[in-house]
Amino acid sequence: MKIPLKAARHALFGSVSPSVKTKPTEKEHMQDLQNTHKDFLFDVNLVGVANVKQPVQIKSTSSPVNQTTVATFSMGAQLNRYAKGTNMSRFLTALEEFNGQNQTLSLASLKDLVRSLADRLNQDMIHIHVTFPWFYSREAPTSLQSAHNHSEIEISLNYSKTLGFKTELTLACLVTTLCPCSKEISEYSAHNQRGEVKMSVELCEDFDEDKIDWKNELLVAAESNASARIHPILKRPDEKVVTEQAFENPRFVEDLVRLVAADLYEYDWVTAFKVTCQNQESIHLHDAVAKITYKK
Ligand SMILES: Nc1nc2c(ncn2[C@@H]2O[C@H](COP(=O)(O)OP(=O)(O)OP(=O)(O)O)[C@@H](O)[C@H]2O)c(=O)[nH]1
């Protein structure tokens with residue numbers, strides 16, 4: 001078979017030559033619809049961009065201490081009823097500059113990004129939400145073989161020029177939970193499952209991210225209270241240890257949220273928290289869930 005040239009193939013499938021263009025091509029002669037000012041009936045609480053993926057550098061107190069991960073950004077601003085549209089491109093320009101400076105993604109650098117957005121968009125209120133997987137080396141208990149685990153991180157910043165920043169930090173990780181009821185009533189064994197622990201915290205005024213690696217602290221709060229931690233590599237002697245450890249530390253979903261809440265209560269850098277645990281029950285199709293919200 002003889003295939004026609006590419007241009008002919010495109011024509012075959014409906015492509016046509018460009019028509020005569022009459023609208024301006026220079027930016028200064030183009031309509032700027034988004035800058036139209038009229039009464040457009042409602043203020044818009046949040047307008048911006050979502051699901052923007054970027055490679056970012058983060059720091060950790062556990063290995064690997066410097067790592068590249070992929071973050072997903074949502075950024076938005078308020079818009080008053082007299083402005084037709086926001087300047088969408090400026091969100092991406094600000095983010096591109098942020099990344100171009102090879103900055104580490106931290107609370108401090110995100111706050112700089114938010115301030116720069118407030119200036120570029122000439123807005124008093126900015127919201128930014130970032131999620132990314134954070135990786136850490138996890139050693140098996142006996143063989144000491146290690147590989148990477150990860151938890152999901154969320155950082156949410158609400159900024160107001162008059163009120164400043166409201167920050168919420170979230171970590172979600174997976175743990176093992178073993179059912180106390182099942183252990184109590186059964187002649188042998190107990191059902192156990194993978195549970196997701198999600199913790200969101202608000203920070204004290206003088207929180208210093210250089211002194212406290214909040215990701216690590218939240219991970220410790222979840223894992224140290226679970227029936228057992230989750231490992232990437234387990235040899236047989238390791239598997240024996242984690243199996244027995246889970247049996248020695250049975251947890252209802254309620255037990256786990258309460259124990260994690262107690263740890264967060266003791267963290268003096270946390271002023272308010274939410275803890276949820278969702279167990280993918282191995283003896284049901286449904287999940288078991290529990291949640292605690294607390295303001296100190
Ligand atoms: N406001 C708004 N812009 C949108 C939307 N969807 C896509 N855009 C696009 O965002 C782009 C414009 O971004 P702007 O930042 O306003 O562009 P500009 O006016 O050339 O940029 P400045 O010089 O910074 O003012 C256009 O291509 C719009 O079509 C939307 O729902 N709302």
Side-chain angles (χ1 to χ4, degrees), residues 60-63 69 131-154 169-201 213-267 270 273-294:
S60 177
T61 46
S62 49
S63 169
T69 185
T131 64
F132 55 87
W134 159 53
F135 292 86
Y136 39 89
S137 178
R138 169 56 46 85
E139 217 171 51
T142 305
S143 70
L144 305 183
Q145 290 203 29
S146 67
H148 288 127
N149 264 7
H150 67 273
S151 295
E152 291 301 318
I153 300 291
E154 289 179 37
L169 307 175
T170 300
L171 178 139
C173 66
L174 297 174
V175 296
T176 299
T177 59
L178 182 136
C179 179
C181 172
S182 173
K183 175 179 173 177
E184 185 67 32
I185 62 179
S186 307
E187 297 292 343
Y188 26 74
S189 185
H191 77 83
N192 63 84
Q193 51 264 321
R194 238 191 251 166
E196 187 197 53
V197 181
K198 190 167 184 175
M199 295 147 289
S200 298
V201 298
D213 183 0
W214 59 271
K215 313 185 282 308
N216 240 326
E217 299 286 314
L218 293 185
L219 183 65
V220 168
E223 291 190 317
S224 65
N225 289 299
S227 298
R229 301 195 302 177
I230 285 185
H231 298 77
I233 299 177
L234 291 173
K235 307 308 277 185
R236 277 170 291 152
D238 303 312
E239 186 175 2
K240 176 176 161 62
V241 169
V242 294
T243 305
E244 291 171 357
Q245 191 188 31
F247 199 73
E248 289 155 8
N249 295 280
R251 299 282 187 265
F252 278 137
V253 73
E254 299 93 323
D255 300 332
L256 187 48
V257 282
R258 285 179 170 135
L259 286 167
V260 174
D263 278 20
L264 299 182
Y265 185 85
E266 284 184 345
Y267 287 169
V270 170
F273 57 81
K274 280 181 263 176
V275 190
T276 59
C277 179
Q278 182 148 346
N279 282 346
Q280 288 186 355
E281 297 287 292
S282 59
I283 57 165
H284 301 296
L285 282 180
H286 58 259
D287 294 353
V289 292
K291 177 175 181 172
I292 292 178
T293 304
Y294 194 87

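When a residue number appears, it is its place in the shown sequence, counting from 1.
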Checklist entry - Closest heavy-atom contact between Asn149 and Pro232? => result OD1-CD, 3.2 Å
Next on the checklist: Would you call the rings of His286 and His284 parallel, tilted or perpendicular, taking 30° and 60° as the class edges?
Outcome noted: parallel
Checklist outcome for this item: So OG of Ser186 and NE2 of His191: to nearest 0.5 Å the spacing works out to 8.5 Å
Next on the checklist: Contact between Val257 and Lys291 at the side-chain level, heavy atoms closer than 4.5 Å - yes or no?
Outcome noted: no
Next on the checklist: Can you tell me how far apart NE2 (His148) and OG (Ser137) are? Round to the nearest 0.5 Å.
Outcome noted: 5.0 Å
Checklist outcome for this item: Scanning both residues in full, the closest heavy-atom pair of Ala246 with Thr176 reads CB-CG2, 4.3 Å
Next on the checklist: Show me the pairs that pass ring-ring contact (aromatic ring centres under 6.0 Å, His included) and involve residues 228-265, at least two apart or across chains.
Outcome noted: Tyr265-Tyr294
Next on the checklist: If you count heavy atoms of other groups shown closer than 6.0 angstrom to NZ of Lys215, is the number above 12?
Outcome noted: yes
Checklist outcome for this item: Closest non-hydrogen contact found for Ser146 with Ile233 is O-CD1, 3.8 Å
Checklist entry - Do the side chains of Leu218 and Phe273 get nearer than 4.5 Å, heavy atoms only? => result no
Checklist entry - Under 3.5 Å, is there a donor-acceptor pair between the side chain of Arg138 and the main chain of Ile230? => result yes
Checklist entry - If we ignore angles and hydrogens, is there a donor and acceptor under 3.5 Å between the side chains of Asp238 and Ser143? => result yes
Item to check | Rounded distance [0.5 Å steps], NZ in Lys274 versus CE in Met199 | outcome: 13.0 Å
Checklist entry - Could you state the interatomic distance from OG1 (Thr142) to NZ (Lys235), rounded to the nearest 0.5 Å? => result 12.5 Å
Next on the checklist: If you count every heavy atom of other residues, nucleotides or ligands that lies below 6.0 Å from Glu239 atom CD, does the total exceed 12?
Outcome noted: no
Checklist entry - Between Pro180 and Asp255, which heavy-atom pair has the shortest distance, and what is it? => result CG-OD2, 3.9 Å
Next on the checklist: I need the single residue from Ser151, Ser60, Ser62 that forms a side chain to side chain donor-acceptor pair (under 3.5 Å) with Tyr136. Which is it?
Outcome noted: Ser151
Checklist entry - Do Arg258 and Glu254 pass the salt bridge (Lys or Arg N to Asp or Glu O under 4.0 Å) test, and can you show the C-alpha distance, the side-chain angles, and the key distance before you say yes or no? => result CA-CA 6 Å; Arg258 285 179 170 135; Glu254 299 93 323; over 6 Å; no
Checklist outcome for this item: On a heavy-atom basis, the closest approach of Ala222 and Leu256 is O-CD1, 4.2 Å
Checklist entry - Tell me, do Thr276 and Gln278 make a side-chain contact under 4.5 Å, heavy atoms counted? => result no
Next on the checklist: Using modelled atom types and a 3.5 Å cut-off, is there a donor and acceptor pairing between side-chain atoms of Arg251 and backbone atoms of Asn225?
Outcome noted: yes
Checklist entry - Closest approach of Val260 and Val275, non-hydrogen atoms and distance? => result CG1-CG1, 3.8 Å
Checklist entry - Distance-only, no hydrogens or angles: does the Ser282 side chain make a donor-acceptor pair with backbone N or O of Asn192 under 3.5 Å? => result yes
Checklist entry - Does Ile153 reach the side chain of Leu171, with side-chain heavy atoms less than 4.5 Å apart? => result yes
Checklist entry - With no hydrogens and no angle check, is any side-chain donor or acceptor of Thr131 less than 3.5 Å from a backbone partner on Glu154? => result no
Checklist entry - So do the side chains of Val242 and Leu234 get within less than 4.5 Å of each other, counting heavy atoms only? => result yes
Checklist entry - Atom CH2 of Trp214 and atom CG of Leu219: how far apart are they, to the nearest 0.5 Å? => result 11.5 Å
Next on the checklist: Does either side chain, that of Gln193 or that of Thr177, offer a donor lying less than 3.5 Å from an acceptor on the other one?
Outcome noted: yes
Checklist entry - Going by heavy atoms in the side chains, are Val201 and Tyr267 under 4.5 Å from each other? => result no
Next on the checklist: Taking side chain to side chain donor-acceptor pair (under 3.5 Å) as the definition, give me every residue that meets it alongside Arg229, ordered by chain and number, with sequence neighbours left out.
Outcome noted: none
Checklist outcome for this item: When rounded to the nearest 0.5 Å, the distance separating SG of Cys173 from CD of Glu152 is 11.0 Å
